[in-house]
Amino acid sequence: MTAIWTIARKELNDSLRNRWLLAIAVVFATLAMGIAWFGAAASGSVGYVTTPATIASLASLGIFLIPLIALLLAYDAIVGEDEGGTLLLLLTYPLSRGQLLLGKFLGHGLILALATLLGFGLAGVAIVMLVDDVAVVPLALALGRFILSSVLLGWGFVALAYLVSVRVSEKPVAAGLALAVWFLFVLVFDLLLLGTLVAGEGAIRPDLLPWLLLLNPTDIYRLLNIVAFGDASQLTGVLSLGADLPFGAGGLWLALLVWVAVPFTGAWALFRNRRI
């Protein structure tokens, strides 16, 4: 455990030195404040509306930003060390490849979690201070649930970045594949799913359709932050399939955890067999 924490602390120090923590926290705080005050501008009103509307809007915008930040943070975790000539040096120390990967994941995960907590937490404090009639306890619970789901989504994409990083041997290739992963899950997946449903009408059993959403962590994230308020009427487009899932928020939390565990396990298996 000491070896794992040593690697994690190194990643924390590197991220602090590169201003990652500050940059991510500022972006998240700005995002949250902007959505809270100007999210209803299209309907002709400016100012804080309701907690469910604010969280749903944050989740809809967060799916674009959180995966991208996570991928940029971790895509060179292994291939960067290999190109810099430090990976071989690290593996001469008394630690296994699994410990090295877990230590890096712990460091990147802590940076992402701290930045998310600081950014959205400060925005929540500002809302409480600036809005007179806001219900503090429901806001704190909703924001806490949103922050936790955002952290899990980020960790899932950190694990996906590791999967890319251990598979390739050059940083530019890793960067390109990381962007491809972002495009796939954030932009392309729902379009492909919708196109498949339209083109192959009746070819897929109706009871299987809702389960297809679980193949995309960003859809799970959005569903979680809408279903948590019990407002299925906000489920539109492809997400409306989520209303027919046979489980509630608990199953969605579990699915998000699976999206952290499975890619990380795959990255560990590939890294264990990687030639240095």
Side-chain angles (χ1 to χ4, degrees), residues 52-53 55-71 105 109 112 116 142 144-164 167 177-270:
I55 297 298
S57 298
L58 280 173
S60 296
L61 196 54
I63 62 169
F64 293 95
L65 194 58
I66 294 169
L68 183 60
I69 288 175
L71 289 167
F105 183 83
L112 199 57
T116 305
R145 186 167 51 231
F146 170 72
I147 289 173
L148 181 57
S149 65
S150 298
V151 169
L152 288 178
L153 178 67
W155 287 356
F157 277 89
V158 167
L160 287 169
Y162 282 9
L163 199 57
V164 169
R167 186 66 181 85
L177 287 176
L179 286 176
V181 168
W182 183 83
F183 272 104
L184 173 64
F185 288 113
V186 175
L187 299 177
V188 177
F189 181 89
D190 284 355
L191 292 176
L192 287 177
L193 180 56
L194 188 60
T196 302
L197 295 179
V198 173
E201 186 175 358
I204 304 176
R205 288 171 47 189
D207 57 325
L208 293 179
L209 293 178
W211 295 92
L212 296 178
L213 293 178
L214 301 184
L215 298 177
N216 187 352
T218 63
D219 283 339
I220 299 171
Y221 172 73
R222 280 194 293 173
L223 281 171
L224 185 57
N225 284 289
I226 294 174
V227 171
F229 293 100
D231 190 3
S233 63
Q234 292 190 43
L235 298 175
T236 58
V238 174
L239 283 184
S240 61
L241 296 173
D244 296 325
L245 284 169
F247 52 79
L252 294 173
W253 282 111
L254 179 60
L256 240 131
L257 286 170
V258 168
W259 267 104
V260 177
V262 170
F264 181 83
T265 303
W268 172 76
L270 289 174

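The figures that follow rest on heavy atoms only: side chains count, while hydrogens, waters and symmetry mates do not. Note that the numbering runs from 1 along the sequence shown for the chain.
When side chains are defined from C-beta on, Thr218 does not count as touching Phe189, because their heavy atoms never get closer than 4.5 Å. In this structure the side chain of Trp253 never reaches within 4.5 angstrom of the side chain of Ile220, judged on heavy atoms. Between Trp259 and Trp155 the shortest side-chain heavy-atom distance does not fall below 4.5 Å. Phe185 is not listed as a side-chain neighbour of Ile63, based on a closest heavy-atom distance of 4.5 Å or more. Residues Leu112 and Val151 fail the side-chain proximity criterion, which asks for heavy atoms closer than 4.5 Å. Residues Trp182 and Phe157 fail the side-chain proximity criterion, which asks for heavy atoms closer than 4.5 Å. You'll find the side chain of Leu224 stays beyond 4.5 Å of the side chain of Leu152, heavy atoms only. The shortest side-chain heavy-atom distance between Leu187 and Leu191 does not fall under the 4.5 Å cut-off.
With rounding to the nearest 0.5 Å, the separation of CG in Leu213 from CZ in Arg222 is 9.0 Å. Atom CG in Leu270 sits 11.0 Å away from atom OG1 in Thr265 (nearest 0.5 Å). The distance from the CG atom of Leu214 to the CG atom of Asp219 is 9.0 Å, given to the nearest 0.5 Å. The CG atom of Leu193 sits 9.0 Å away from atom CG of Asn216, with the distance rounded to the nearest 0.5 Å. Distance OG1/Thr116 to CG/Leu148: 10.5 Å, rounded to 0.5 Å.
Residues Gly266 and Leu163 approach most closely at C-CD1, 3.5 Å, considering heavy atoms. Val158 approaches Ala70 most closely through the heavy-atom pair CG2-CB, 3.8 Å. The heavy-atom pair separating Ala178 from Leu71 by the smallest distance is O-CD1, 3.3 Å. The minimum heavy-atom distance between Pro67 and Gly62, with the atom names listed, is CD-O, 3.5 Å. Of all the heavy atoms in Tyr221 and Ala59, the pair that sits closest is CE2-O, 3.5 Å.
Ser149 meets the side-chain hydrogen bond (donor to acceptor under 3.5 Å, both in side chains) test with Asn225; sequence neighbours excluded.
Relative orientation of the Phe264 and Tyr162 rings is tilted, given thresholds of 30° and 60° on the angle between their planes.
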